[in-house]
Amino acid sequence: AEAWVRPDSLDPAQFRTVFSSMWNSDFGNHVFGWNVYQHVAGVWTLNLFNGGGSSTFVSDFTHNPIVPGSWYHMVITDDRETIRFHVNGSQVGSVPQAISRFAPNGLNGDPEVAGGATVFGQRSDNAFDPFDGALDDVAFYNTALTPEQILVHYQNAVRLGFQRSGAGVTLTWPFGTLEQGLEVGGPYSPVSDATSPFSVGADGAARFFRLRTE
């Protein structure tokens, strides 16, 4: 499973579900599949269910805390031995399938056979709060992406995020050099010492920004 994810807020009081592929047959005692939370601690968490009433958390402490308005590239792979969680091109956590006792949602990928639908922005059973943000370029594969493939996907789709901050905006980006120009067609020049997140005040002058990744 792969997606670009942009949180628009942090919520220290409630788990928010980014997307969910789980089947909750009797409200907690037999839960199958997985979901991804925006954890109350401000990190991404992959939640793996074992068919019973418990689950295994695999959290991303590399991007801590999550930055609202920023885009994150998220990939979950399962090669039937190890389940891995990648964020922004790097593996941030893993667990052997045998240890987690992971029980898939549905039989052979068929949600009509002991399973439930995959849901974006909400847990499949409507528990907890919906995700406050956006998802883009969601994809599901019939094989586990390799680390090399994941890195290529991430590097070929860099996004410059922005969010209003008072009278100005805050720009965020995963990597690359921030450049600015006075016209949309350029010329552009590097913004000195700019690191993400970067605040731009409102001074009445038109400015255009882009990322250079090479």
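The figures here come from the full heavy-atom set of this structure, side chains too, leaving out hydrogens, waters and symmetry mates.
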Legend entry - Check ion pair R84-D79 (N to O, under 4.0 angstrom): yes

Inset, instruction - Indicate the ring-plane relationship of W44 and Y72, choosing parallel, tilted or perpendicular according to the 30° and 60° boundaries. - result: perpendicular

Legend entry - Backbone N/O of A117 and side chain of S124: donor-acceptor pair under 3.5 Å: yes

Inset, instruction - Give, for atom CD1 of I76 and atom OH of Y141, the distance between the pair rounded to the nearest 0.5 Å. - result: 12.5 Å

Legend entry - Heavy-atom closest pair, residues A167 and A202: O-CB, 3.1 Å

Legend entry - N47 CG to N35 CG distance, which is reported to the nearest 0.5 Å: 5.0 Å

Inset, instruction - For residues F198 and V200, determine if any side-chain heavy atom of one lies less than 4.5 Å from a side-chain heavy atom of the other. - result: yes

Inset, instruction - Look only at the side chain of Q38 and the backbone of S9, and say whether a donor-acceptor pair between them is shorter than 3.5 Å. - result: yes

Inset, instruction - Determine the sole option in N64, V58, T62 for which the side chain to side chain contact (heavy atoms under 4.5 Å, CB included) test with V92 is passed. - result: T62

Legend entry - Residues in side chain to side chain donor-acceptor pair (under 3.5 Å) contact with S70, at least two apart in sequence or another chain: T172

Legend entry - R123 and Y37 side chains, donor-acceptor separation under 3.5 Å: yes

Inset, instruction - Would you check if the side chain of S55 reaches a backbone N or O of F49 as a donor-acceptor pair within less than 3.5 Å? - result: no

Legend entry - Heavy-atom side-chain contact between S20 and T17 under 4.5 Å: yes

Legend entry - For P7 against V5, the heavy-atom pair lying closest together: CD-O, 3.9 Å

Legend entry - Connected via hydrophobic side-chain network under 4.5 Å: W4 and V75: no

Legend entry - Under 3.5 Å donor-acceptor, N105 side chain and G116 backbone: yes

Inset, instruction - Using the test side chain to side chain donor-acceptor pair (under 3.5 Å), find all partners of D60 that sit at least two apart in sequence or belong to another chain. - result: H63

Legend entry - Cluster check I83, V18: I/L/V/M/F/W/Y, side chain < 4.5 angstrom: yes

Inset, instruction - State yes or no: do V40 and F57 share one hydrophobic cluster built from I, L, V, M, F, W and Y residues joined by side-chain heavy-atom distances below 4.5 Å, directly or via other members? - result: yes

Legend entry - Contact check, side chains of L211 and E179, non-hydrogen atoms, under 4.5 Å: no

Inset, instruction - Fit a plane to each ring of F120 and F19, take the angle between them on a 0 to 90° scale, and name the class: parallel (under 30°), tilted (30 to 60°) or perpendicular (over 60°). - result: perpendicular

Legend entry - E2 and H73 side chains, donor-acceptor separation under 3.5 Å: yes

Legend entry - Pair D78, Q97: side-chain N/O donor-acceptor within cut-off below 3.5 Å: yes

Legend entry - Inter-residue atom distance T143.OG1 - L145.CG, 0.5 Å rounding: 7.5 Å

Legend entry - Sub-4.5 Å side-chain heavy-atom contact between D8 and R6: yes

Inset, instruction - Please check if V138 and F85 belong to a single hydrophobic cluster, counting links between Ile, Leu, Val, Met, Phe, Trp and Tyr side chain heavy atoms closer than 4.5 Å. - result: yes

Legend entry - Straight-line distance of L171 CG to T195 OG1, nearest 0.5 Å: 11.5 Å

Inset, instruction - Answer whether the closest heavy-atom distance between the side chains of P68 and L10 falls below 4.5 Å. - result: yes

Legend entry - Under 3.5 Å: donor-acceptor pair, side chain of T146, backbone of Q149: yes

Legend entry - Taking every non-hydrogen atom, the tightest pair across F32 and P104: CB-O, 3.4 Å

Inset, instruction - First locate atom CG of D11, then atom CZ of F128, and finally report the distance between them rounded to the nearest 0.5 Å. - result: 11.5 Å

Inset, instruction - Determine whether more than 12 heavy atoms belonging to other residues, nucleotides or ligands lie under 6.0 Å from atom CD of Q14. - result: yes

Legend entry - T170 side chain reached by F162 side chain, heavy atoms, under 4.5 Å: no

Legend entry - Shared hydrophobic cluster, V36 / W71 (ILVMFWY, side-chain heavy atoms < 4.5 Å): no

Inset, instruction - Measure the spacing between CG of D193 and CG of L178 and express it to the nearest 0.5 Å. - result: 12.0 Å

